[in-house]
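Since the structure comes first, as structure tokens, the remarks are kept for the end.
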Amino acid sequence: MATQPSAIDESTPYGPDLYIGLALSIASSVFIGSSFIIKKKSLLALGKAGGTRAGAGGYGYLRYWLWWAGLLSMGFGEALNFIAYAFAPATLVTPLGALSVIVTALLSQYFLGEILNILGKIGCALCLLGATVVVIHAPQETEVTSMEDLKAKLVDPVFMVYVAVVVAASLVLIIHFGPRFGTRNVTIYIAICSLIGGFSVLGCKAIGLAVKETIQGKNEFTNWITWFSLMSLIVCVCTQMNYLNKALDIFNTSLVTPIYYVFFTACVILSSAMLFKEWKGLPAKDVIGVLTGFFTVVIGIFILHAFKDMDITWTGMSTMLMAGSSGESRRNSTEDTGNEVTQLSEEEEGLITSEPLSYGSNKRVY
């Protein structure tokens, strides 16, 4: 008797391609994390030279070879990331961007003089832990085998509404909130980068699919979807670079990078879910796992942000705890002594406020 194939048998296993994608993603994080440091040094050099800063709308950093080296490093990292998307789903590759947070935070200590205290290191560890949990429980992406399948998904009404909402939100941030609050609130410029960046990942997936089909013998570079995806990718990347430079010029690198990771990862996961419907039918345990991992990263980001300016070390924490214990002991001792003094004071107060005593009394007179 023939047996019906189960849902598990029907699902496409990742195989060795998954490990190739993960390795490429890790290498990509190293190059991208280093690029933040290189570009930050060029922006600092521009500020010392008295040029118009990027945060004020200047583009003087384009004259510095160091900035172009940082751009090249980021471009190479993004290229590796682009190739990784061809081997593994976006919801597995993107969360590994947490490694770039760790790379940037560690390198900023040695090359930028930015302090990463013990709580910052704990925050980096939480980012890595959360990203690992997201990777383990990430939904398996719906297979797109051809550009025709991708075309059918791109014209899906739900995805088109999502695109309209994201574009409208980005324009509002760029036109209204950016000029007014961009220099005071780090989330404004990063939100623009992340919202637009969600589409850049989808463009990478589309171009990767076109390259794959072309290698297999079907030329997809005559398909308008391929060129539309390429142009969209260029526009998205240019927009990301512009506003990311503004954020890096104004705010601390150890602050910009992790917050950008959280926003960008959330937008990529949401965009990929809208296009590929990969959350459909996901088991409850995996949904909880993804949310838990993501919020673990958010907690790590909060620790990095809230305590970034505090000089906290293991020795300082031990001294503080010992001082706290000693202070508690002194407080308890003082409270005990204070109780005795209070009792005596109450007793003496009663004697002081009592009525005048008659002569010849054997009681104490004050």
Side-chain angles (χ1 to χ4, degrees), residues 28-29 32-40 43 53-57 61 67 70-71 74 77-78 81 90 94-105 108 112 114 116 120 123-124 126-127 130-131 134 165-202 235-272 294-295 297-306 308-309:
S28 169
S29 298
I32 292 175
S34 301
S35 72
F36 283 98
I37 304 300
I38 299 173
K39 288 195 293 183
K40 181 68 174 182
L43 293 173
R53 302 173 65 94
Y61 54 84
W67 185 87
L71 182 64
M74 175 167 282
E78 292 292 351
N81 209 41
T94 304
L96 288 180
L99 294 178
S100 66
V101 175
I102 300 174
V103 171
T104 303
S108 63
L112 299 179
E114 298 178 358
L116 181 66
C124 289
L126 287 175
C127 290
V134 171
V165 171
V166 171
V167 171
S170 300
L171 291 176
V172 170
L173 289 172
I174 292 172
I175 297 173
H176 179 74
F177 290 97
R180 292 171 174 81
F181 309 105
T183 58
R184 292 178 291 169
N185 192 330
V186 66
T187 60
I188 301 297
Y189 291 148
I190 293 179
I192 297 172
C193 296
S194 303
L195 289 171
I196 302 300
F199 294 136
S200 68
V201 171
L202 300 182
V235 172
C236 291
V237 170
C238 291
T239 304
Q240 283 180 273
M241 292 300 100
N242 182 38
Y243 286 97
L244 187 58
N245 281 326
K246 291 178 181 291
L248 282 171
D249 185 47
I250 298 171
F251 303 100
N252 191 294
T253 306
S254 298
L255 174 64
V256 171
T257 306
I259 295 179
Y260 176 65
Y261 164 76
V262 172
F263 278 57
F264 180 72
T265 303
C267 290
V268 168
I269 292 176
L270 183 59
S271 299
S272 186
F294 181 75
F295 284 113
V297 175
V298 172
I299 293 173
I301 298 303
F302 171 77
I303 293 176
L304 276 170
H305 174 60
K308 65 183 179 67
D309 295 326

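All residue numbers refer to positions in the sequence shown, counting from 1.
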Heavy-atom pair of closest approach, residues [X] and [Y]:
X	Y	result
Tyr260	Cys193	CE1-CB, 3.4 Å
Phe294	Ala266	CZ-CB, 3.7 Å
Arg180	His176	NH1-O, 2.9 Å
Ala191	Phe263	CA-CD2, 4.0 Å
Gln240	Ser200	OE1-OG, 3.3 Å

Distance (rounded to the nearest 0.5 Å) between [X] [atom1] and [Y] [atom2]:
X	Y	atom1	atom2	result
Ile250	Tyr189	CD1	OH	5.0 Å
Leu195	Ile174	CG	CD1	9.5 Å
Leu126	Phe295	CG	CZ	14.5 Å

**OP:** For Phe199, check ring-ring contact (aromatic ring centres under 6.0 Å, His included) against everything at least two apart and list the hits.
**Re:** none
May I ask you to decide if [Y]'s main-chain N or O and [X]'s side chain share a donor-acceptor pair within less than 3.5 Å?
X	Y	result
Asn245	Met241	yes
Lys40	Leu248	yes
Ser272	Val268	no

Taking only residues two or more places apart in sequence, or in another chain, which ones meet [X] in a side chain to side chain donor-acceptor pair (under 3.5 Å)?
X	result
Ser271	Tyr162
Tyr243	none
Ser28	none
Ser170	none

**OP:** Could you tell me which residues satisfy side-chain contact (heavy atoms from CB on, under 4.5 Å) with Phe177, sequence neighbours excluded, listed by chain and number?
**Re:**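 side-chain contact (heavy atoms from CB on, under 4.5 Å) list for Phe177, sorted by chain: Val172, Leu173, Phe181, Ile188.
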With a 4.5 Å cut-off on side-chain heavy atoms, are [Y] and [X] touching?
X	Y	result
Ile192	Lys246	no
Phe36	Val103	no
Leu71	Ser35	no
Thr104	Ile32	no

